[in-house]
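Residue numbers count from 1 along this sequence.
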Amino acid sequence: FNLNSISTRLTLLFVVITTTLLAISGGISYFSTKTGLETALEEDANDAIERIQTNLSMPLWNFDQPVMAATLKAELGADFIQSVSLKTPKNWSLIIGRDKDGKPDELKELTATTSELLSKDAEVIYKEGEKPQSIGKFTLQYSHASVDAALRSALRAIVIEIVLLDIALLVALSLALRLIVIKPLHGIRDALKDIAEGEANLTRRLDTSSNNEFSEVAQWFNTFVARIQGVIREVGDSVSEQISASRELTSAAEKVSSA
């Protein structure tokens, strides 16, 4: 793992960019999910209030305690509702909450409200003729726990998705960069090394069949090496001619001196 490697740097750069984009997308998805769940919870609470107002009006007017208790217990069939506290103008009260086992039951008093419980107040209206009148008030307490659990699950899914995509991207980029970038670069490096070291092999040529930027570099490398090879050949031919001429001059001088 070499941080100076082009492949490593490019891979890390793409991973950082991808992780950032996925995190932004995941954050948007998380808050969108949160808004949707909280809105749905609010709507469910409002629906429960409307049902209580409708179903409790007549029993409360007739002061039918068993029916009132049964009506409120039925609402606690929804897991998110924790309690309903009813109070009349004459200070008579009825509290339906959950016992230790979580089942709906009539309570003498409510336990301390935890921070995750929400509450809504509403009135029970009885309409006699054309004159509606308030015959009682109630408080609905409901839990945010289901929303929190769903959000934790969504957050875990987002994190797992980001990690898996990062791993897949890391592997894919490493292989792609090795095949597309690093391998051609190593070819150019090895060719230059052959020229610079050993017997200075100027017959080495690079593959130019890939038709990309590296093939263009390889083409100009081949042209450069071919030109150097040509210059060296010309120099070699010139040296050979000079040696031949020198030998001829030496031979002629020997002939003159012997005459």
Side-chain angles (χ1 to χ4, degrees), residues 1-36 150-253:
F1 188 76
N2 184 7
L3 288 177
N4 293 323
S5 168
I6 294 176
S7 175
T8 302
R9 289 184 177 183
L10 285 175
T11 300
L12 290 177
L13 177 62
F14 279 113
V15 168
V16 170
I17 293 174
T18 303
T19 302
T20 302
L21 293 176
L22 288 174
I24 293 173
S25 175
I28 294 173
S29 176
Y30 175 84
F31 285 108
S32 176
T33 301
K34 180 180 179 182
T35 301
L151 289 176
R152 285 193 296 269
S153 177
L155 185 59
R156 282 195 298 268
I158 291 171
V159 172
I160 292 172
E161 180 183 2
I162 291 175
V163 171
L164 292 178
L165 287 175
D166 278 346
I167 293 173
L169 181 64
L170 187 64
V171 173
L173 280 176
S174 297
L175 294 175
L177 288 173
R178 187 173 300 174
L179 291 174
I180 298 173
V181 178
I182 303 304
K183 186 176 179 180
L185 280 177
H186 284 176
I188 296 174
R189 179 201 63 187
D190 294 341
L192 290 172
K193 186 177 180 180
D194 284 346
I195 294 173
E197 296 179 349
E199 298 179 357
N201 181 14
L202 296 179
T203 62
R204 176 73 179 270
R205 295 294 184 271
L206 297 178
D207 183 19
T208 59
S209 61
S210 57
N211 194 27
N212 55 26
E213 289 83 355
F214 285 107
S215 67
E216 187 175 353
V217 172
Q219 180 180 351
W220 286 111
F221 172 84
N222 293 340
T223 302
F224 174 71
V225 173
R227 181 166 295 182
I228 293 178
Q229 190 176 18
V231 170
I232 292 176
R233 185 182 297 111
E234 291 176 1
V235 170
D237 293 342
S238 176
V239 170
S240 297
E241 291 175 358
Q242 289 179 6
I243 291 174
S244 178
S246 176
R247 287 175 179 173
E248 290 178 359
L249 288 173
T250 301
S251 178

Sequence neighbours excluded and cut-off under 3.5 Å, please list the side-chain donor-acceptor pairs for residues 167-185, or say none.
{"unit_1": "Ser174", "atom_1": "OG", "unit_2": "Leu170", "atom_2": "O", "d": "2.7"}

Scan the side chains in residues 152-162 for donor-acceptor partners under 3.5 Å anywhere in the protein, sequence neighbours excluded, and list what turns up.
none

Worksheet entry | side chain to side chain donor-acceptor pair (under 3.5 Å) partners of Asp190, counting only residues at least two apart | none

Show me, pair by pair, the donor-acceptor contacts under 3.5 angstrom made by side chains of residues 14-31, not counting sequence neighbours?
{"unit_1": "Thr18", "atom_1": "OG1", "unit_2": "Phe14", "atom_2": "O", "d": "2.7"}
{"unit_1": "Thr19", "atom_1": "OG1", "unit_2": "Val15", "atom_2": "O", "d": "2.6"}
{"unit_1": "Thr19", "atom_1": "OG1", "unit_2": "Asp166", "atom_2": "OD1", "d": "2.9"}
{"unit_1": "Thr19", "atom_1": "OG1", "unit_2": "Asp166", "atom_2": "OD2", "d": "2.7"}
{"unit_1": "Thr20", "atom_1": "OG1", "unit_2": "Val16", "atom_2": "O", "d": "2.8"}

